[in-house]
Protein chains: 2
Amino acid sequence: MSSGEEHPRVAQQGPGRLDLNQFLPYRLNRLADRISDELERMYAQRYDLNVAQWRVLAWLSHCDDLTAKKVCTYTNMDKARVSRAVQALVDRGLVTRTPSARDQRVHDLHLTPEGAALLSRLIPEAQDWEAELVATLSAGEYRDLLNAMGKLERQLERIG
Amino acid sequence: MSSGEEHPRVAQQGPGRLDLNQFLPYRLNRLADRISDELERMYAQRYDLNVAQWRVLAWLSHCDDLTAKKVCTYTNMDKARVSRAVQALVDRGLVTRTPSARDQRVHDLHLTPEGAALLSRLIPEAQDWEAELVATLSAGEYRDLLNAMGKLERQLERIG
DNA sequence: GGCAGATAGTTGCATATGAAACCATCCCGG
DNA sequence: CCGGGATGGTTTCATATGCAACTATCTGCC
């Protein structure tokens with residue numbers, strides 16, 4: 001760790017050169033990846049959940065009457081990925097999937113008591129960890145950050 | 001697209017509930033993923049590059065005398081992934097990999113003229129796209145955003 | 001000099017993922 | 001009604017990835 005340079009020697013700027021540290025997509029990705037890695041370790045080690053499963057559970061805690069399709073749109077995950085995550089959660093008895101009375105194609109997803117119990121342990125841990133992460137930001141900085149991210153997401157919809 | 005609700009009905013908050021839209025790791029990941037998806041489409045369609053390959057190229061444009069190890073530490077990518085990305089770039093004649101005179105274990109990476117030419121077309125496109133993305137942010141908001149992200153990264157090092 | 005451990009990089013293997021094909025159900029126009 | 005799409009969801013298949021084992025080289029210590 002102390003052997004190599006922590007920061008690269010930067011070549012002169014200019015056309016055909018890209019300063020990645022000023023390139024938002026790169027910075028955002030690096031940060032998100034590192035955060036994701038940390039949380040993933042937490043879910044995986046203690047609860048044997050992968051990211052997709054965690055997201056499904058989190059949405060189930062967040063809003064009632066969920067379906068796989070909704071999870072796809074909310075989380076931007078592929079429907080195959082969601083399907084497999086839900087399957088794993090059903091197999092573990094954390095979630096129920098029942099065909100909707102209205103539309104037999106749709107399956108309503110719900111937490112089982114076991115799933116709710118697991119979440120009631122996991123969520124506080126995740127929130128504590130997040131609190132520690134953002135401890136260096138003031139309340140205003142935190143608000144501005146979420147705000148800027150919201151603007152970027154809306155701009156993405158416009159561009160894409 | 002217009003059929004489903006864009007925003008989920010949110011259940012009551014409380015213990016055991018998690019509002020994902022206020023949960024920074026989730027928000028950050030979703031934003032980074034969406035941006036990444038867009039850029040990936042751009043690299044892939046027009047230049048037949050995947051993300052790992054693009055990152056290696058970008059670092060090569062950014063600083064001279066690079067090695068696979070440095071790419072690993074800078075980008076947080078697995079060394080196998082970097083190795084395969086470099087291999088692909090060498091096969092395509094975009095990058096050279098020569099054993100270092102000092103240490104036969106390390107390989108110096110350099111752009112070929114072809115690689116530099118490709119970057120000189122790709123980088124402006126990426127920058128234009130980024131400019132469009134952040135067009136909704138004021139200069140101050142943009143600076144604050146990068147600043148907050150820097151703080152989070154430093155805090156991550158402390159925590160992890 | 002020479003062995004023990006570290007380090008750069010590659011390769012083999014198991015798994016996670018996305019795209020596309022597929023199935024079942026629903027909806028709509030005639 | 002009923003036939004052609006659309007839609008929710010699953011499965012199949014190819015690929016990308018991470019981990020671990022491995023090779024080759026280097027470094028330090030005796």
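Below, chain A is the first sequence line, B the second, and so on; all start at residue 1. Treat the numbers as computed from the prediction; the structure is a model and nothing was measured.
Nearest approach of B:R97 to B:V90, heavy atoms of both residues: CB-CG2, 4.1 Å. The minimum heavy-atom distance between B:R34 and A:T73, with the atom names listed, is NH2-O, 3.8 Å.
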Pick out the pairs of N or O atoms, protein on one side and nucleotides 17-20 of chain C on the other, that lie under 3.5 Å.
| unit_1 | atom_1 | unit_2 | atom_2 | d |
| --- | --- | --- | --- | --- |
| C:dT17 | OP1 | A:R81 | NH2 | 3.1 |
| C:dG18 | N7 | A:R84 | NH2 | 3.1 |
| C:dG18 | O6 | A:R84 | NH2 | 3.0 |

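Atoms CD (B:Q87) and P (C:dT10) sit 7 Å apart, rounded to a whole Å. Between the CG atom of B:D108 and the P atom of C:dA8 there is a distance of 13 Å, given to the nearest Å. To the nearest angstrom, P of C:dA16 lies 13 Å from CG of A:L49. Between A:K69 atom NZ and D:dA6 atom C1' there is a gap of 11 Å when expressed in whole angstrom units.
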**Request:** Could you give me the CA-CA distance, side-chain angles and deciding distance for B:V51 and B:R81, then say whether side chain to side chain contact (heavy atoms under 4.5 Å, CB included) is met?
**Result:** CA-CA 10 Å; B:V51 175; B:R81 192 179 174 192; 4.2 Å; yes
**Request:** Verify side chain to side chain contact (heavy atoms under 4.5 Å, CB included) between B:K151 and A:L137, making sure each step is shown before the conclusion.
**Result:** CA-CA 7 Å; B:K151 283 190 182 183; A:L137 300 181; 3.7 Å; yes
**Request:** Might you work through the side chain to side chain contact (heavy atoms under 4.5 Å, CB included) test for B:C72 and B:K79, ending with a clear yes or no?
**Result:** CA-CA 6 Å; B:C72 288; B:K79 60 184 184 169; 3.6 Å; yes
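A continuous path of hydrophobic side-chain contacts links B:L24 to A:L152 [ILVMFWY only; heavy atoms under 4.5 Å].
With sequence neighbours excluded, the residues forming a salt bridge (Lys or Arg N to Asp or Glu O under 4.0 Å) with A:R27 are B:E153, listed by chain and number. Residues forming a salt bridge (Lys or Arg N to Asp or Glu O under 4.0 Å) with B:R92 (at least two apart in sequence, or on another chain): none.
Within the 4.5 Å cutoff, the side chain of B:L18 has no heavy atoms near those of the A:L57 side chain.
Looking at B:D108, B:L109, B:V86 one by one, the single match for side-chain contact (heavy atoms from CB on, under 4.5 Å) with B:T67 turns out to be B:D108. None of B:T96, B:V95, B:L60 except one satisfies the side-chain contact (heavy atoms from CB on, under 4.5 Å) rule with B:H110; the exception is B:T96.
Five base pairs at each end of the helix from C:dG1-D:dC30 to C:dG30-D:dC1 define two local axes, and these are offset by 10° (rounded to 10°).
Scanning residues 26-39 of chain A for heavy-atom distances under 4.0 Å to DNA chain C yields an empty list. Of the residues in residues 100-107 of chain B, those lying under 4.0 Å from DNA chain C by heavy-atom distance are B:R105, B:V106, B:H107.
Counting only N and O atoms by type, the side chains of B:Y142 and A:Q22 include no donor and acceptor under 3.5 Å apart.
Between D:dT10 and A:S83, a contact under 4.0 Å exists linking OP1 or OP2 to a side-chain N or O.
In this structure, B:Y74 and B:W59 have tilted ring planes: the angle between them lies in the 30° to 60° band.
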